[in-house]
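Only one structure is covered here, and it is reproduced in the block below.
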Amino acid sequence: SGTPTTATNATVTISAVNANGDDTITLTFTMCAASFAHPGVYWSLADLNRMRDKVAAGEQPWLAGFNRLAADPRSSATYAMHGPPSAVGRLTPTGIPDNRAAYENDGAAVLQNAVMWYITGNIAHANKAIEILNAWSDPANPNHLVEFIGADRRLLAGIEGQKWIGGAEIIRHTGAGWSEQGIAHFSAMQRNIVYPVTRQYGGGNWGTAGMATNIAMGVFLDDHEMF
């Protein structure tokens, strides 16, 4: 989700002549200058409404899926954060902790509490997601995230980053009460800390994981070039 909505299009035509000068190839591109539909990333507003309504009606398999979600400790409004450390790493050098679990679990808690908030309407879930988002991104917190480290840092940032953004997208666009300052801090964390790592494409699953997070980030930041 996060597909651009109504747009003003611009068409660009590029022509190229082959080395012998006897053939011309013309390519035409249509570029879309559009805004994104929010919330997006994983689910549209219609998707979220459908989940909420099906659960409220007790319909299957939606109710069974919700019950499994609710039973996960990371979906709890009383979830205890594992982080943040100022540096989070995967396959770190000898003597430096491999503390990926903090980023993995706290990111899952953001996403899962965001979904729980929308389905149940319980503001405590929204507050938990906001607490985690702010703790990791607020520069006033001495332990806010400042870097990824370790040989697998690109994979960590790519696989887990999209979860953080997916949850943040729901919280931001569903009236959960996330402050503009909090949104600005999280946006800066994405652009300045996460993106320099995930933008390095290539390397098999490293590149594809990074691409997924960058697409999500482009939606959240309304950044078409990044998307």
Side-chain angles (χ1 to χ4, degrees), residues 1-2 4 33-42 79 81-90 92 99-115 117 125-150 152-201 206-207 209-227:
S1 187
S35 59
F36 291 104
H38 297 289
V41 182
Y42 288 138
Y79 168 85
M81 277 190 291
H82 290 215
S86 58
V88 64
R90 175 172 170 146
T92 50
N99 55 2
R100 73 182 85 171
Y103 195 63
E104 293 169 349
N105 286 305
D106 287 2
V110 166
L111 178 61
Q112 292 171 212
N113 270 281
V115 175
W117 142 247
H125 288 291
N127 290 340
K128 176 54 64 174
I130 292 169
E131 175 193 353
I132 300 169
L133 290 165
N134 288 347
W136 280 77
S137 62
D138 186 351
N141 178 4
N143 293 324
H144 74 285
L145 182 64
V146 296
E147 64 176 333
F148 290 89
I149 58 176
D152 255 2
R153 60 186 178 277
R154 288 172 56 197
L155 191 58
L156 174 64
I159 291 175
E160 305 304 327
Q162 57 193 286
K163 299 176 187 177
W164 285 84
I165 300 165
E169 178 79 359
I170 294 172
I171 293 297
R172 183 179 187 179
H173 295 287
T174 57
W178 194 12
S179 71
E180 288 301 317
Q181 183 181 57
I183 293 169
H185 288 159
F186 182 75
S187 298
M189 173 182 134
Q190 296 308 305
R191 193 177 293 280
N192 300 327
I193 307 300
V194 182
Y195 185 58
V197 179
T198 57
R199 70 179 297 183
Q200 302 172 48
Y201 294 138
W206 288 13
M211 185 181 299
T213 285
N214 292 347
I215 290 171
M217 197 183 302
V219 174
F220 183 82
L221 298 174
D222 283 307
D223 187 322
H224 290 266
E225 182 176 352
M226 185 181 291
F227 180 83

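We number each residue from 1, following the sequence as shown.
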- Residues Gln190 and Met217: closest non-hydrogen pair is O-SD, 3.5 Å
- Query: With His185, which residues qualify under ring-ring contact (aromatic ring centres under 6.0 Å, His included), at least two apart?
  - Reply: none
- Item | Non-hydrogen atoms of Gln162 and Thr213 that approach each other most closely | N-OG1, 3.0 Å
- Heavy-atom closest contact (Gly161 atom, Tyr103 atom, distance): CA-OH, 3.9 Å
- Item | side chain to side chain contact (heavy atoms under 4.5 Å, CB included) between Val194 and Phe148, worked out | CA-CA 8 Å; Val194 182; Phe148 290 89; 4.0 Å; yes
- Task: Mark yes or no for whether Asn141, through its side chain, and Ala135, through its backbone, hold a donor-acceptor pair below 3.5 Å.
- Result: yes
- Query: Is there side-chain contact between Arg153 and Glu147, with at least one heavy-atom pair below 4.5 Å?
  - Reply: no
- Between Gly167 and Leu111 the two heavy atoms that sit nearest each other are N-CD1, 3.6 Å
- Task: Give, for atom OG of Ser86 and atom CG of Asn99, the distance between the pair rounded to the nearest 0.5 Å.
- Result: 9.0 Å
- What pair of heavy atoms forms the shortest contact from Pro39 to Thr174, and how long is it? CG-CG2, 4.5 Å
- Item | Side chains of Tyr42 and Val115 in contact at under 4.5 Å (non-hydrogen atoms) | no
- Query: Counting distance only, does the side-chain N/O of Lys128 pair as donor-acceptor with the main-chain N or O of Tyr79 below 3.5 Å?
  - Reply: yes
- Query: Does the side chain of Asn134 come under 3.5 Å of the side chain of Trp178 through a donor N or O and an acceptor N or O?
  - Reply: yes
- So, are Arg172 and Glu169 salt-bridged, with charged N and O less than 4.0 Å apart? no
- Query: Considering only heavy atoms from C-beta outward, does the side chain of Val110 approach that of Trp136 to under 4.5 Å?
  - Reply: no
- N/O donor-acceptor pair under 3.5 Å between Arg199 side chain and Pro196 backbone: no
- Can you tell which of Leu156, Asp106, Ile193 makes a side-chain contact (heavy atoms from CB on, under 4.5 Å) with Val88? Leu156
- Message: Could you report the tightest heavy-atom contact between Phe220 and Ser187, atom names first, then the distance?
- Response: CE2-OG, 3.4 Å
- From Thr198 atom OG1 to Ile159 atom CD1, the distance as rounded to the nearest 0.5 Å: 12.5 Å
- Would you give the length of the straight line joining atom NE2 of His125 to atom CD1 of Ile170, rounded to the nearest 0.5 angstrom? 13.0 Å
- Query: Are any non-hydrogen side-chain atoms of Asp138 and Gln181 less than 4.5 angstrom apart?
  - Reply: no
- Between Trp164 and Phe186, what is the ring plane arrangement, given parallel below 30°, perpendicular above 60°, and tilted in between? parallel
- Message: Nearest 0.5 Å, please: how far is CD in Glu104 from NE2 in His82?
- Response: 10.5 Å
- Calculate, to the nearest 0.5 Å, the distance between atoms CD1 and CG belonging to Ile132 and Asn105 respectively. 10.0 Å
- Message: Which residues pass the salt bridge (charged side-chain N to carboxylate O under 4.0 Å, His left out) test with Asp222, not counting sequence neighbours?
- Response: none
- Chi angles and distances behind the side chain to side chain contact (heavy atoms under 4.5 Å, CB included) call for Arg100, Glu160: CA-CA 10 Å; Arg100 73 182 85 171; Glu160 305 304 327; over 6 Å; no
